[in-house]
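Working notes, structure below.
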Amino acid sequence: MRIGVLAVQGAFVEHARMLRAIGVEPVDVRLPADLVGLAGLILPGGESTAMRRLVDRWGLRAPILDLARGGAPILGTCAGMILLAADIADGDPPVFGLLDVTVRRNAFGRQLDSFEADIAVPILGDSPVHGIFIRAPIVERVGPGVAVVACLDDGRVVAVRERNILATAFHPELAGEMRFHRLLATMAAEHADPGEGAGRRPHPTRRSVASA
Ligand code: GLN
């Protein structure tokens, strides 16, 4: 299985390393042609303003939207979460708008610009995730179709999932945390071979085919 990592800017090398560690072939995505045949995609952390510009400069916006709308799973971390959000507080226009949340960039005060925290992530099992937050965004509003995947102790939302779209405000790839990548690979396998996952979480287009 091949999963892409948007490689225009930011922490893409670490994500590729994580994919290799779980037996998935990573593909650096810089041009639309790199997206062909991918089972899923990771949007890494970095600087979302720079990433937004480069996504448009290289013509990646429409083909990434096509991939996501076709049901391929997408994982966005930190700046990647910002790129996925339907709404960015303080006025930046959305980039992909695939995730019905409002995010606020650089949401933690100066002292907390960067911090680490252990976070419970029930969908990944009992042991907590070590979250590394680097000038991280926060999720301020969660739409009705969006599941909260993780919160800080004070209740602020830092990971969410909406169908095939998964996003974290922190950087699992910098903490050696492989469970998000494994979940993405599982979602990608189910998307590629709906027979396997059909009983559990069929994509709506598959469901209509199955019931036809
Ligand atoms: N602060 C960055 C932004 O707004 C995100 C930081 C990160 O990805 N580590 O784009």
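The first residue in the sequence is number 1, and the count goes up from there. Note that ligands are numbered from 1 as they come in the structure, with each ligand's atoms numbered from 1 the same way. Worth saying up front: this structure is predicted, and the values here are computed from it rather than measured.
- The heavy-atom pair separating Arg2 from Gly37 by the smallest distance is NH1-O, 3.8 Å.
- Both Val139 and Leu84 are members of a single hydrophobic cluster when ILVMFWY side chains are connected at heavy-atom separations under 4.5 Å.
- Note on Arg105 versus Asp90: no salt bridge recorded, every NZ/NE/NH1/NH2 to OD/OE distance being 4.0 Å or above.
- Partner of Leu6 under the side chain to side chain contact (heavy atoms under 4.5 Å, CB included) criterion, chosen from Ile74, Leu43, Asp34: Leu43.
- Taking the salt bridge (charged side-chain N to carboxylate O under 4.0 Å, His left out) definition, one finds that Arg53 meets it with nothing, sequence neighbours left out.
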| request: Let me see the working for His181 and Glu173 under side-chain contact (heavy atoms from CB on, under 4.5 Å), right down to the final yes or no. | output: CA-CA 9 Å; His181 297 75; Glu173 80 287 1; 4.2 Å; yes
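- The protein residues lying under 4.0 angstrom from ligand 1, judged by non-hydrogen atoms, are Gly45, Gly46, Glu47, Ser48, Cys78, Ala79, Ile82, Arg105, Asn106, Ile134, Arg135, His171.
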